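Comments concern the structure below.
In this text the structure is predicted, and so the values were computed from the model without any measurement. Each residue takes its place number in the sequence, starting with 1.
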Amino acid sequence: PSPYWGDLLARYQPQIIKSLATAGFDTRGVDTYEKVLLGRPYLNLNLLKRMAAQLGLTLPVGTPPAGVVELSLASKVNWQTVWQARTILRSGWQTARKGQELFHETRRQIEPIIAGLHSVVEAGAESSSIQLRQQIVLFQHIAVTRLRLNLAILLVSLGTRQTTGLTVPQILTTVGRTVDPESTEFDHALDRLVNLVRDSERLQSFLADSGTLQSFTCQVDIPPDLQQQLDELAGLFAAYGDYPADPGQPRYKEAPNTLLALLNRRMQAAASPAPAPDPPIRPGGWRHTLARFLITNLRQLLLLRSNLEQLNIRGMAACRHWGLGLGQQWLGQGWLAQADDIFWLTLDEIEQVLVAGQSKAVTLSATVKTRQENYVAYQDMQPPAMLREDNLAAVQFGGDAALDAAASVVVGLPVSPGQVRGIVVVLDQPHEPPLEMDEFILVMPSTGPDWLPLLHRAAGLIVETGGLLSHGSVIAREYE
């Protein structure tokens, strides 16, 4: 995900934790549900285990295959667990019963924001800062509503499992087939394009030659008839892309080669044998009536979640439209190398430039370049499916996730914002021979008045002892 999206993700964590607490989950001592590490989003597994335990579920020990977490449910209902989880169950049922109201209220709140983000942005204007903050509100509304719907879907699915004996994935797959949201319309349009290619040996040959084309930066000569169909599809679904939930990722209309790669993958999938159908949901006796009731509610919840995702796609496309408009203006002022470089920035960095202008914009290109270099390094990494934060530095610098970070790399606390490069100079005393260079990174045991002449010349500090309010931290922030 782009740093822009990662910052949006971080901004709504307090609302997610608050919503979980309101639903009855134990969130004491937890401040994050999801965060980006090493350029990838990770879920808080400790929180998930705690939530599962409250519902009488267990999460497996060890690395989940392909990132999928399977839930294990006891064969018999533990009524003591049900009673202890009554607040959670009541909250989930209320969401299931009032899902329509929840969705319509969310849409009512964010539709004006989406419309406003399509208006013209004036760089440095106060309205631009307001629009930037409105994107946080948009993201928060969708995230909280999605969480509430997902919890309701999980609880209704578990109830359906008890009455039918099927697994939760089987239930969701079977019921989900009857949901026909806009995304299915996109799939149907893509399938029609697949049929067009199947009827043409020339187009099949072209796709076979393009083979593993994945990057939208590649340039290929697409046959005119296929290009016309791709353009029409991209025009009808202008907000769609490979990763439409991230404003920093291109849409198919901007990068038609990504749509071509998707078509290629769909052709390969169509040639594969169809998976075996799931068993029908046919409980007997009183379970039949209860299962039908639960499945009706589950189908409604899945449809609402699909509609919410379409709303999210539109919202993120509006955020991208706004960001590209502002990025184009900053490109004209020489602050960015490309308009979409703005998505390599955080929301705070963008707002600082909107408020302060040139004085804050001079470092934008360096910030973008540094983050792009970091992401290139992330692409070469194979991060584990589960990661302890205290081992993050060890993994980042090529170590094993199971190693103790302190044994292989020094981990510190950042106390002053900014990025800098320079030659590292290690000193034990301030009266050691003076350095002949400037813009060095000074490593020292602690700070004091005797160090001030060197601190004035240093570009960065690494101090062995101290904290957020220590002398070295205060000095570092003053010299920023």
Side-chain angles (χ1 to χ4, degrees), residues 19-20 22-25 51-52 54-57 68-79 81-83 85-109 141-188 274-313:
S19 295
L20 289 173
T22 302
F25 288 102
M51 292 168 59
Q54 287 186 259
L55 295 173
L57 306 171
V68 176
V69 177
E70 293 291 342
L71 296 172
S72 300
L73 184 65
S75 57
K76 295 183 179 180
V77 176
N78 185 325
W79 293 108
T81 301
V82 171
W83 174 253
R86 63 189 182 278
T87 302
I88 301 173
L89 299 175
R90 186 187 308 116
S91 175
W93 174 242
Q94 288 175 348
T95 300
R97 194 163 52 89
K98 299 182 178 180
Q100 287 276 10
E101 297 177 22
L102 174 64
F103 171 75
H104 289 307
E105 176 61 20
T106 301
R107 185 171 62 180
R108 184 189 66 80
Q109 291 174 334
H141 279 310
I142 291 179
V144 171
T145 302
R146 182 193 295 117
L147 176 69
R148 293 182 61 183
L149 289 176
N150 281 337
L151 289 175
I153 288 170
L154 172 63
L155 294 176
V156 176
S157 298
L158 291 174
T160 307
R161 176 182 174 178
Q162 292 286 9
T163 58
T164 63
L166 300 181
T167 66
V168 171
Q170 287 175 332
I171 294 168
L172 293 177
T173 301
T174 303
V175 177
R177 288 198 186 104
T178 64
V179 179
D180 189 26
E182 183 181 341
S183 59
T184 305
E185 294 180 15
F186 177 78
D187 289 336
H188 290 336
D278 291 318
I281 302 177
R282 293 176 180 172
W286 64 270
R287 294 176 180 269
H288 176 73
T289 302
L290 179 57
R292 287 184 59 184
F293 173 75
L294 292 173
I295 290 171
T296 299
N297 283 273
L298 182 58
R299 183 178 294 114
Q300 182 66 30
L301 288 169
L302 290 172
L303 179 59
L304 289 174
R305 186 175 66 177
S306 296
N307 291 337
L308 182 69
E309 291 310 314
Q310 302 311 314
L311 196 59
N312 182 46
I313 289 173

### Message
Let's go through Arg148 and Thr145 carefully: what are the C-alpha distance in whole Å and the side-chain angles of both, what is the deciding distance for side-chain contact (heavy atoms from CB on, under 4.5 Å) to 0.1 Å, and is it a yes or a no?
### Response
CA-CA 5 Å; Arg148 293 182 61 183; Thr145 302; 5.8 Å; no

## Note on the structure
Across all chains, not counting sequence neighbours, the side chain to side chain donor-acceptor pair (under 3.5 Å) partners of Gln54 are none

### Message
Among residues at least two apart in sequence or on other chains, which ones pass side chain to side chain donor-acceptor pair (under 3.5 Å) with Glu309?
### Response
Arg146

Locate the shortest heavy-atom distance separating [X] from [Y]; write the atom from each residue and the value.
X	Y	result
Leu149	Leu308	CD1-CD2, 4.1 Å
His141	Thr106	O-CG2, 4.0 Å
Leu55	Leu154	CD1-CD2, 4.3 Å
Leu147	Ser19	CD2-CB, 4.1 Å
Leu298	Ser157	CD1-OG, 3.6 Å

### Message
Show me the pairs that pass salt bridge (charged side-chain N to carboxylate O under 4.0 Å, His left out) and involve residues 149-158, at least two apart or across chains.
### Response
none

List the atom pairs, with distances to 0.1 Å, where a side-chain N or O of residues 92-103 and a protein N or O form a donor-acceptor pair under 3.5 Å, not counting sequence neighbours.
unit_1	atom_1	unit_2	atom_2	d
Thr95	OG1	Ser91	O	3.1
Gln100	OE1	His104	NE2	3.2

### Message
Under the rule for side chain to side chain contact (heavy atoms under 4.5 Å, CB included), what residues qualify as partners of Arg86, not counting sequence neighbours?
### Response
Trp83, Arg90

### Task
Might you work through the side-chain contact (heavy atoms from CB on, under 4.5 Å) test for Leu303 and Arg299, ending with a clear yes or no?
CA-CA 6 Å; Leu303 179 59; Arg299 183 178 294 114; 5.8 Å; no

